[in-house]
Amino acid sequence: MLPLYTLRDNADTIAAAMDKRGLDARPILSKILNLDQERRNLQTHLDQTLAEANSASREIGQLYKSGKAEEANALKETSSRLKVQSKELQEALSAAADALQESLYLLPNIPHDLVPAGQDESDNEVIHQWGDIPGLEANALPHWELARKFDLIDFELGVKITGAGFPVYKGKGARLQRALISYFLDYNTKAGYQELQVPHLVNEASGYGTGQLPDKEGQMYQVTEDNLYLIPTAEVPVTNIFRDVILDKADLPIRYTAYTPCFRREAGSYGAHVRGLNRLHQFDKVEIVRVEDPANSYDALDGMVTHVKGLLESLNLPYRILRLCGGDLGFTSALTYDFEVYSAAQERWLEVSSVSNFEAFQANRLKLRYREGNDKPQLAHTLNGSALALPRILAGLLENYQEGGGIRIPEVLVPYTGFDKIS
RNA sequence: GGAGGAAUGGCAGAGUGGUCGAAUGCGGCAGUCUUGAAAACUGUUGAGGGUCACACCUCCGGGGGUUCGAAUCCCUCUUCCUCCGCCA
């Protein structure tokens, strides 16, 4: 949700930026500004009425004290009348405020200057590519076949226990998974991100805080009995730590990392692209989250990009970085870089990380602010990124590292796995 | 799950129907003093809306109600504490 004050003076600039998303924001912007004006008028009117009512009540108290019961009773009528009036105004005000809120929820974040205009993923800009595409042996297999061959992952067993998209990791597969989580967490911690363990279920307020609600309700698993949601990403619990928080400027920047399983209904997904580990309902991810002074948030974003690059390079996985175009940019993001690893056996790029600056968009919903000295609190900027999502990294490792009838383990992982080869 | 108690400003803690956004203490900030610091003293110190700036309005866990008037009374929800039960 964009802060109102950014909309009041810049409607034209914002509309131009929104065009890059393929969204004509002009109608909704003018609606918002009108509702804002209406809301303020009603508020002023209500405030005046309440001020009158308050002073009448005060006077009644005084009159009673000085024994002038008659005058007091006369004033009560005035007061009652004002009360009825204020109730009506209150209702009109609530209606206007709700309508305003609703419209604000519909407006996505303003794309950053760097965001290219574009329709969909084909318009994303490749800004960086690293590593050699490995030439695989003739009999190279996709990861789902490798997983079966070496008994690393059992997809059918997951179907039996839960359903499609809930794999069971076994033996060295499970161990490799755990090794990756530990390696990622250690790597992030060394870079200054504090490790957290957070709840995997969140309440409604948290869902609204990071913007999963009300729009993406259908994408989350819901525990209706207790009105809780299974988290689709650690971003939700971690960022909500800061809901309704006023930080001291000296506390910034804040950097957290957390491993969690992620649960996504992925309603509407189907086809070959969802085979194996490519798309799951439950998967593991290590996330990094930052809270920044607005003046530094784009340096922070660059820092996160560099960080994820280092992580992928340490695993020697060929990757490229995309700057998402307006049409592919997430609702809440101002600028996003996607990382894709090349899967040689599938001959396609797999998204393994998404690094975004949300500027004040999330902070506004969260009421996450910071204060410098005695100044008024200001909205902070939030950023997050995957470092990294496990399944497609695992897929990339299995496929790119297959050689001589086995799978080699990258050097940096050997201390974590305790073995250097799967065969 | 059962029984009882509680929820007030950054923290502690007064306040049981009228001028209470709320005593007091601690903490924070500014100043006096000091070579500097500490101590002491003085002042200041919640958030949101609104205004050029004031005024003014809202908020004492959330929601609803009683009343001319609610932190204070009533209903309800949530959370926390104590005791009992169950339990990794």
Side-chain angles (χ1 to χ4, degrees), chain A residues 1-9 32-104 197-209 213 223-229 237 240-252 254 261 291 360 362-380:
Chain A
M1 185 169 65
L2 287 164
L4 261 176
Y5 62 80
T6 59
L7 305 180
R8 281 182 188 147
D9 309 318
I32 286 171
L33 294 176
N34 284 338
L35 283 167
D36 179 40
Q37 192 56 54
E38 186 189 338
R39 202 212 87 239
R40 282 196 278 177
N41 291 343
L42 284 165
Q43 180 83 60
T44 308
H45 201 162
L46 173 65
D47 285 356
Q48 285 165 355
T49 310
L50 286 174
E52 279 180 53
N54 285 344
S55 77
S57 290
R58 244 170 271 148
E59 212 175 316
I60 289 168
Q62 293 291 358
L63 288 170
Y64 272 125
K65 264 187 192 164
S66 47
K68 298 174 185 165
E70 229 168 87
E71 289 177 48
N73 285 329
L75 247 187
K76 275 192 191 180
E77 272 176 49
T78 313
S79 188
S80 295
R81 183 175 47 78
L82 287 168
K83 195 190 168 186
V84 173
Q85 230 180 70
S86 71
K87 195 152 194 171
E88 284 165 10
L89 283 167
Q90 183 60 252
E91 274 162 26
L93 178 64
S94 300
D98 287 352
L100 177 60
Q101 180 83 332
E102 214 170 281
S103 295
L104 280 171
Q197 283 198 20
V198 291
H200 300 168
L201 281 84
V202 294
N203 58 28
E204 216 176 0
S206 294
Y208 277 98
L213 296 175
V223 182
T224 50
E225 179 82 19
D226 298 294
N227 202 20
L228 298 173
Y229 297 86
N240 270 284
I241 290 171
F242 300 100
R243 176 154 44 84
D244 295 319
V245 166
I246 300 176
L247 295 161
D248 199 282
K249 191 179 178 183
D251 297 334
L252 300 175
I254 287 170
V291 180
Q362 279 187 333
N364 186 41
R365 262 200 210 190
L366 290 163
K367 297 205 190 77
L368 161 54
R369 291 162 291 173
Y370 72 97
R371 191 206 318 263
E372 187 172 12
N374 288 327
D375 292 351
K376 279 217 156 195
Q378 297 185 56
L379 292 171

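Letters A, B, ... are given to chains in the order of the sequence lines, protein chains preceding strands, and every chain is numbered from 1. Just so you know, these numbers come straight off a predicted model, no measurement behind them.
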Subject >> Nearest heavy atoms of A:Tyr370 and A:Leu379, plus distance in Å >> reply: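 Heavy-atom minimum between the residues: CE2-O, 3.5 Å.
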Using the [atom1] atoms only, state how far [M] lies from [N], rounded to an integer number of Å.
N     : M     : atom1 : answer
B:G5  : B:C75 : P     : 13 Å
B:G17 : B:U72 : C1'   : 7 Å
B:G27 : B:C20 : P     : 27 Å
B:C59 : B:A53 : C1'   : 24 Å
B:C60 : B:U16 : C1'   : 14 Å
B:U34 : B:A40 : C1'   : 12 Å
B:A12 : B:G63 : C1'   : 29 Å
B:G18 : B:A71 : P     : 11 Å

Subject >> Protein proximity profile, nucleotides 55-62 of chain B - base contact B, sugar-phosphate-only contact S, no contact -, cut-off 4.0 Å on heavy atoms >> reply: -SSS----
Original post:
Heavy atoms under 4.0 Å, any strand shown: does A:Thr44 hit a base, just sugar-phosphate, or nothing?
Top reply: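 Result for A:Thr44 = nothing.
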Original post:
Reckon A:Arg81 touches a base, only the sugar-phosphate, or nothing at all at heavy-atom distances under 4.0 Å?
Top reply: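 Result for A:Arg81 = nothing.
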Quickly work out the [X] [atom1] to [N] [atom2] distance and round it to whole Å.
X        : N     : atom1 : atom2 : result
A:Arg371 : B:G9  : CZ    : C1'   : 12 Å
A:Glu77  : B:G69 : CD    : P     : 14 Å
A:Lys367 : B:G49 : NZ    : P     : 10 Å
A:Arg8   : B:U51 : CZ    : C1'   : 12 Å
A:Asp251 : B:G28 : CG    : P     : 15 Å
A:Lys87  : B:U66 : NZ    : P     : 6 Å
A:Leu4   : B:G50 : CG    : P     : 9 Å
A:Leu35  : B:G49 : CG    : P     : 17 Å

Only pairs with both distances under 3.5 Å count, Watson-Crick or wobble alike; so what is the partner of [N] in this structure?
N     : answer
B:A40 : B:U32
B:G17 : none
B:C60 : none
B:A71 : none
B:U66 : none
B:C52 : none
B:G4  : B:C81
B:G27 : B:U45

Check nucleotides 75-79 of chain B against the protein and report each pair of N or O atoms closer than 3.5 Å, with its distance, or say if there are none.
none

In this structure, are over 12 heavy atoms from other groups packed under 6.0 Å from [X] atom [atom1]?
X        : atom1 : result
A:Glu102 : CD    : no
A:Gln101 : CD    : yes
A:His200 : NE2   : yes

Side chains of [X] and [Y] in contact at under 4.5 Å (non-hydrogen atoms):
X        : Y        : answer
A:Ile254 : A:Leu247 : yes
A:Leu4   : A:Ile32  : yes
A:Leu7   : A:Leu104 : yes
A:Thr6   : A:Asn364 : no
A:Arg371 : A:Asp248 : no
A:Asn240 : A:Val202 : no

Original post:
Does A:Ser57 or A:Lys376 map to a spot on RNA chain B nearer the 5' end, using the closest nucleotide for each?
Top reply: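 Checking each residue's closest nucleotide, the 5'-ward one belongs to A:Ser57.
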Subject >> Of A:Leu75 and A:Arg40, the one whose closest RNA chain B nucleotide lies more 5' >> reply: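 Its nearest nucleotide being more 5', the pick is A:Arg40.
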Original post:
Is there a donor-acceptor contact under 3.5 Å linking the side chains of A:Thr44 and A:Asp47?
Top reply: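 No donor-acceptor contact under 3.5 Å links the two side chains.
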**OP:** Could you please name the option among B:G49, B:A47, B:C68 that lies closest to any side-chain atom of A:Pro377?
**Re:**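 Output: B:A47.
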**OP:** Counting heavy atoms from C-beta on, name the nucleotide in B:A47, B:C68, B:G50 closest to the side chain of A:Ser80.
**Re:**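 Closest nucleotide to the A:Ser80 side chain: B:C68.
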Check this one for me: any side-chain N or O of [X] less than 4.0 Å away from OP1 or OP2 of [N]?
X        : N     : value
A:Lys83  : B:G69 : yes
A:Arg39  : B:G50 : yes
A:Arg369 : B:G48 : yes

Original post:
Which residues pass the side chain to side chain donor-acceptor pair (under 3.5 Å) test with A:Lys76, sequence neighbours left out?
Top reply: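 Residues passing side chain to side chain donor-acceptor pair (under 3.5 Å) with A:Lys76: A:Tyr64.
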